There are 2 protein chains.
Amino acid sequence: MTDKKEQILNAALALFAAEGYKAVSTNKIAKKAKVSEGLIFRHFENKQGLLDAILGQAVDRTKVLFAPIIAESDPKKVIERGIRLPFTIDEGEYPFWKLQFKLKWEIEYSGAEKMRPFIEKLAWAFTELGLKEPQKEAEILNHIIESISGGILKDGLESQKPLMGFLLKKYSL
Amino acid sequence: MTDKKEQILNAALALFAAEGYKAVSTNKIAKKAKVSEGLIFRHFENKQGLLDAILGQAVDRTKVLFAPIIAESDPKKVIERGIRLPFTIDEGEYPFWKLQFKLKWEIEYSGAEKMRPFIEKLAWAFTELGLKEPQKEAEILNHIIESISGGILKDGLESQKPLMGFLLKKYSL
DNA sequence: GTCTATACGATGATAGAC
DNA sequence: GTCTATCATCGTATAGAC
């Protein structure tokens, strides 16, 4: 944590999440990390390498996030946990997830791939519950969850909170 | 159309939508528009002014887009048109709307304001149809429509098309 | 591992001629 | 209205000393 390499990573994540990848200069990162600018290039070769280092965690962090849902064997609980998911993210992790949403539009960077296991699990749950078109139910619910997540990341938890209880009722949980 | 100012506007819109505001240089815009770089600053003062000129249309274009829905007096038709909306956007307008989505994350730029009349109309429709929590129903449907729109803009119409018929059924239309 | 100094192309923007 | 030439600054990246 007091390691300079860590400081660079933390500063870069915070700045990229707040202002975007292109908008942030290595100079700015160095200043925020209280480190010389050259050190960034020693550790990460170039600016892209710095972004890659941050993004390298994304696959793992997404897996961790979805793990309890994937492991769940009760279909109703799968839906419930899915709906609750965006509301249970630790605020300290907001910058990281905000960066994922930003990059989805700033560069091509496919976040869709990482959602697949989650969507499939939702589809499985809807199948178990006897819904007619489980795959499409799953995709719609995923759309809702993704859009709500975006809303939380952009406008704060409070802006979306009323929707959680409503959704749980709507999916009769 | 053959007007140089128009050429700049068109080139800038296409490039901003494809690569983002920060990522595109005035030099690149000038080359695409087949115009001298200096002319951009004669017409728009600075790069931000060029973006503002493009964004100036956003409020009006959004109004035009929602106008038929706002004017609709049959609540069922309101829901139906809302669901169909993202699927009926002219492909030639994709760059413009893609830019709106991009900027929502690249700069603060509130697109939320412009959606309000639409959400309120949905809420009115759900009220007419006797739903328990029309306001929340409206916000959820808006989330779905927004996320689907994003999907179309990012991955193409085909990626989302199967969901339209399903949604119409789900809302029993 | 870390810092200072610096190369050098790109970028937003201006001045002046036509 | 439009172009060419030009500028100051910023941005990424490297070299070399400690």
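No experiment lies behind these values; they were computed from the predicted model shown. Residue numbers start from 1 in every chain, and the chains themselves are labelled A, B, ... in the order their sequence lines are given, proteins ahead of strands.
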For [X] and [N], what is the distance between atoms [atom1] and [atom2] respectively, to the nearest whole Å?
X: A:Lys31; N: D:dT12; atom1: NZ; atom2: P; result: 12 Å
X: A:Phe44; N: D:dG11; atom1: CZ; atom2: C1'; result: 18 Å
X: A:Glu19; N: D:dG11; atom1: CD; atom2: P; result: 11 Å
X: B:Asn27; N: C:dT14; atom1: CG; atom2: C1'; result: 16 Å
X: A:Ile29; N: D:dT12; atom1: CD1; atom2: C1'; result: 11 Å
X: B:Lys34; N: D:dT2; atom1: NZ; atom2: P; result: 16 Å
X: A:Ile8; N: C:dT2; atom1: CD1; atom2: P; result: 8 Å
X: B:Tyr21; N: C:dT11; atom1: OH; atom2: C1'; result: 12 Å

Quiz prompt | Donor-acceptor pair present, B:Arg42 side chain and C:dG12 base, under 3.5 Å | solution =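 Side chain to base: no pair below 3.5 Å.
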Quiz item: Which nucleotide in the set C:dC3, D:dC3, C:dA13 lies at the smallest distance from any side-chain heavy atom of B:Val35?
Solution: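 Shortest atom-to-atom distance from the side chain points to D:dC3.
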Exercise. Measure from the side chain of B:His43, starting at C-beta and using heavy atoms only, and say which of D:dG1, D:dT4, D:dT14 lies closest.
Key: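 Given the options D:dG1, D:dT4, D:dT14, the side chain of B:His43 is closest to D:dG1.
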Within the structure, does a side-chain N or O atom of [X] lie under 4.0 Å from either OP1 or OP2 of [N]?
X: B:Ser25; N: C:dT11; result: yes
X: B:Lys28; N: C:dT11; result: no
X: B:Thr26; N: C:dG12; result: yes
X: B:Lys4; N: D:dT2; result: no

So that I can tick it off, tell me whether [Y] and [X] are bridged by a salt bridge, with the cut-off set at under 4.0 angstrom between side-chain N and carboxylate O.
X: A:Lys31; Y: A:Glu37; answer: no
X: A:Lys121; Y: A:Glu128; answer: no
X: A:Lys132; Y: A:Glu137; answer: no

Quiz item: Are any side-chain N or O atoms of A:Glu133 and backbone N or O atoms of A:Gln135, one a donor and one an acceptor, separated by less than 3.5 Å?
Solution: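 The answer is no, because no donor-acceptor pair under 3.5 Å joins these two groups.
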Quiz item: For B:Lys22 and B:Lys5, take the nucleotide of DNA chain D holding the closest heavy atom to each; which residue's nucleotide lies nearer the 5' end?
Solution: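 Result of the comparison: B:Lys5.
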Practice problem: Using heavy atoms to find the nearest nucleotide of DNA chain D for B:Leu39 and A:Asn46 separately, return the residue whose nucleotide is more 5′. | Solution: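 Checking each residue's closest nucleotide, the 5'-ward one belongs to B:Leu39.
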Quiz prompt | Quiz item: cation-pi between B:Lys104 and B:Phe101, 6.0 Å / 45° | solution =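 Verdict for B:Phe101: a cation-pi partner in B:Lys104.
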